[in-house]
Amino acid sequence: MPELPEVQTIINGLNSKVLGKEITKIIELRPGTVYRQFPITSLDNIISISRKGKYIILQTSSNYKLIIHLRMTGKLIFENDLTKTSNHARAEIVFSDKTKLIFDDVRTFGKIQILKFNEEVPALINLGVEPLSEEFNIIYLKNKLKNRKAPIKNALLDQTVIAGLGNIYVAEILFRAKVHPATSANNIKSTKLERIVSETKIILREAIKHNGTTISDYRNVEDKTGEFQNFLKVYGKKICKCGAMIQKIKQAGRTTYFCEECQR
DNA sequence: CTGGGAACCTGAAAGC
DNA sequence: TGCTTTCAGGTTCCCA
Ligand SMILES: [Zn+2]
């Protein structure tokens, strides 16, 4: 479900709602949701909240960290009333001031991992650059794609190339850059790669400004939808602004939306 | 190393 | 009206 702009919106919400709070317990409501080699004890205050790609990282004062991935349908909902629950609550992070975060996840793909602060996980180590950082530029992208003959759509979804893009934003980026999604990644002209880089940064910033995209499940920490779905140009659309029908194809098991007229 | 399909799971929507 | 199939903002494992 959530891609970089949605995760960033959640990070912003968590920073205003739970930064500094003391965790009293983490309740696993569905087995397999929480991986813990170590017990989180009391006196664990949340001292920093950040993300890498789509991974949410909460660091605690006793040198542990929680790594949370929401996958397709995960949500983190802040709740003032400890008696309240949600339809698909899989875990709860309870705070000493009688508030909590509910980890709600219909499809149960999402996970919470509790690790020592300095412990690394492979998926995080292998992440590509942050698309909104200076490191994401034409030189980096050209180098990353030089041996990739797979479609550019698939390459951009690869989290080891760029951290945080997903199915919606990749479709929107390729539309804005006027690149056909089936083009081999190593076969794209520099001018087009430059467009992909710049459009990626523009669209992600816009989407964050509008609190992310809600197609069905995504909600922020206050259980509210985003608004960027109102600005999408191809994802989930039937007709392009040029008048042509939007095409819908499968690439590596994922649906790709694009316009044959605008993207060549 | 690269790339694609299956698997993981639930529920809504579309198809018949 | 029901029953069946398809589809979904993601990642990981397995195999060519
Ligand atoms: Zn068009």
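We name chains A, B, ... by the order of the sequence lines, and we start the count at 1 in each one.
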Atom CD1 of Ile215(A) and atom C1' of dC7(C): how far apart are they, to the nearest Å? 13 Å

note: Ile152(A), atom CD1; dG3(B), atom P; distance rounded to Å ~ 11 Å

Report yes if at least one side-chain N or O of Tyr235(A) is closer than 4.0 Å to OP1 or OP2 of dG9(C); otherwise report no. yes

Side chains of Glu6(A) and Tyr169(A) only: does a donor on one sit below 3.5 Å from an acceptor on the other? yes

Classify the nucleic acid contact of Thr213(A) as base, sugar-phosphate or nothing, counting any heavy atom under 4.0 Å across all strands shown. base

Report the distance from atom CD1 of Ile112(A) to atom CG of Leu101(A), rounding to the nearest 0.5 Å. 9.0 Å

Describe the nucleic acid contact of Tyr55(A) in one word from base, sugar-phosphate, nothing, applying a heavy-atom distance below 4.0 Å. sugar-phosphate

Rounded to whole Å, CD1 of Ile162(A) lies from P of dG10(C) at a distance of 14 Å

Pull up the glycosidic torsion of dG9(C) and say syn or anti, syn being anything within 90° of 0. syn

Parallel, tilted or perpendicular: which describes the rings of Tyr140(A) and Phe136(A), with under 30° parallel and over 60° perpendicular? perpendicular

Pairs counted as Watson-Crick or G-U wobble with both distances under 3.5 Å: what dot-bracket string results for DNA chain C, using | for bases tied to another strand? .|||||||.|||||||

Students often mix this up, so state it plainly: with edges at 30° and 60°, are the rings of Tyr55(A) and His69(A) parallel, tilted or perpendicular? perpendicular

Given atom CG of Leu157(A) and atom C1' of dG5(B), what is their separation to the nearest angstrom? 15 Å

Any side-chain N or O of Arg71(A) below 4.0 angstrom from OP1/OP2 of dC9(B)? no

Let me know the distance between OH of Tyr169(A) and P of dG10(C), rounded to the nearest Å. 11 Å

Does Arg71(A) pair with Asp105(A) as a salt bridge, N-O distance under 4.0 Å? no

Would you mind reading off the distance between Leu145(A) atom CG and dG3(B) atom C1', rounded to a whole angstrom? 14 Å

Can you find a heavy atom in the side chain of Leu145(A) that is under 4.5 Å from one in the side chain of Ile188(A)? no

For a quick check, tell me whether the side chain of Ser216(A) and the base of dG9(C) share a donor-acceptor pair closer than 3.5 Å. yes

Check the phosphate of dA8(C) against Lys250(A), side-chain N and O only, distance under 4.0 Å to OP1 or OP2. Yes or no? yes

Please check the phosphate of dG10(C) (OP1 and OP2 only) for any side-chain N or O of Lys54(A) closer than 4.0 Å. yes

Pairwise P distance, dG9(C) and dA14(B) [rounded to whole Å]: 15 Å

Using OP1 and OP2 only, check whether a side-chain N or O of Arg30(A) sits under 4.0 Å from dT10(B). yes

In terms of side-chain heavy atoms of Arg148(A), which of dG9(C), dC9(B), dG3(B) is nearest? dG3(B)

Both Asn147(A) and Gly253(A) contact DNA chain B. Which one's nearest nucleotide lies toward the 5' end? Asn147(A)

Closest heavy-atom contact between Asn167(A) and Glu3(A)? N-OE2, 3.4 Å

Decide, yes or no, whether a salt bridge links Lys237(A) with Glu172(A) under the criterion of side-chain N to carboxylate O below 4.0 Å. no

Hey, are Asp104(A) and Arg219(A) close enough for a salt bridge, meaning a charged N less than 4.0 Å from a carboxylate O? no

Would you measure the distance from the P atom in dG5(B) across to the matching atom in dC7(C) and give it in whole Å? 14 Å

For Phe109(A) and dC9(B), are the ring centres under 5.5 Å apart with planes inclined under 30°? no

Select base, sugar-phosphate, or nothing to describe what Glu6(A) touches, counting heavy atoms under 4.0 Å on all strands. nothing

Could you give the distance from CZ (Phe117(A)) to CD1 (Ile47(A)), rounded to the nearest 0.5 Å? 7.5 Å

Do the side-chain N or O atoms of Gln159(A) get closer than 4.0 angstrom to the phosphate oxygens (OP1, OP2) of dG10(C)? no

Which value, in whole Å, describes the distance between the P atoms of nucleotides dC14(C) and dC9(B)? 16 Å

Is Asn154(A) touching bases, backbone alone, or none of the nucleic acid, heavy atoms closer than 4.0 Å? sugar-phosphate

Return no unless some side-chain N or O of Arg107(A) is found under 4.0 Å from OP1 or OP2 of dG10(C). no

Given dG11(B), dG3(B), dG10(C), identify the nucleotide with an atom nearest to the side chain of Glu3(A). dG10(C)

Do we see Tyr218(A) stacking on the base of dG9(C), given a limit of 5.5 Å between centres and 30° between planes? no

Does OP1 or OP2 of dG10(C) have a side-chain N or O of His69(A) closer than 4.0 Å? no

Interatomic distance where CG belongs to Asp158(A) and P belongs to dT11(C) [whole Å]: 10 Å

Phosphate oxygens OP1/OP2 of dA8(C): is one of them under 4.0 Å from a side-chain N or O of Thr255(A)? yes

Arg254(A) has an atom CZ; how far is it from atom C1' of dG3(B), in whole Å? 15 Å

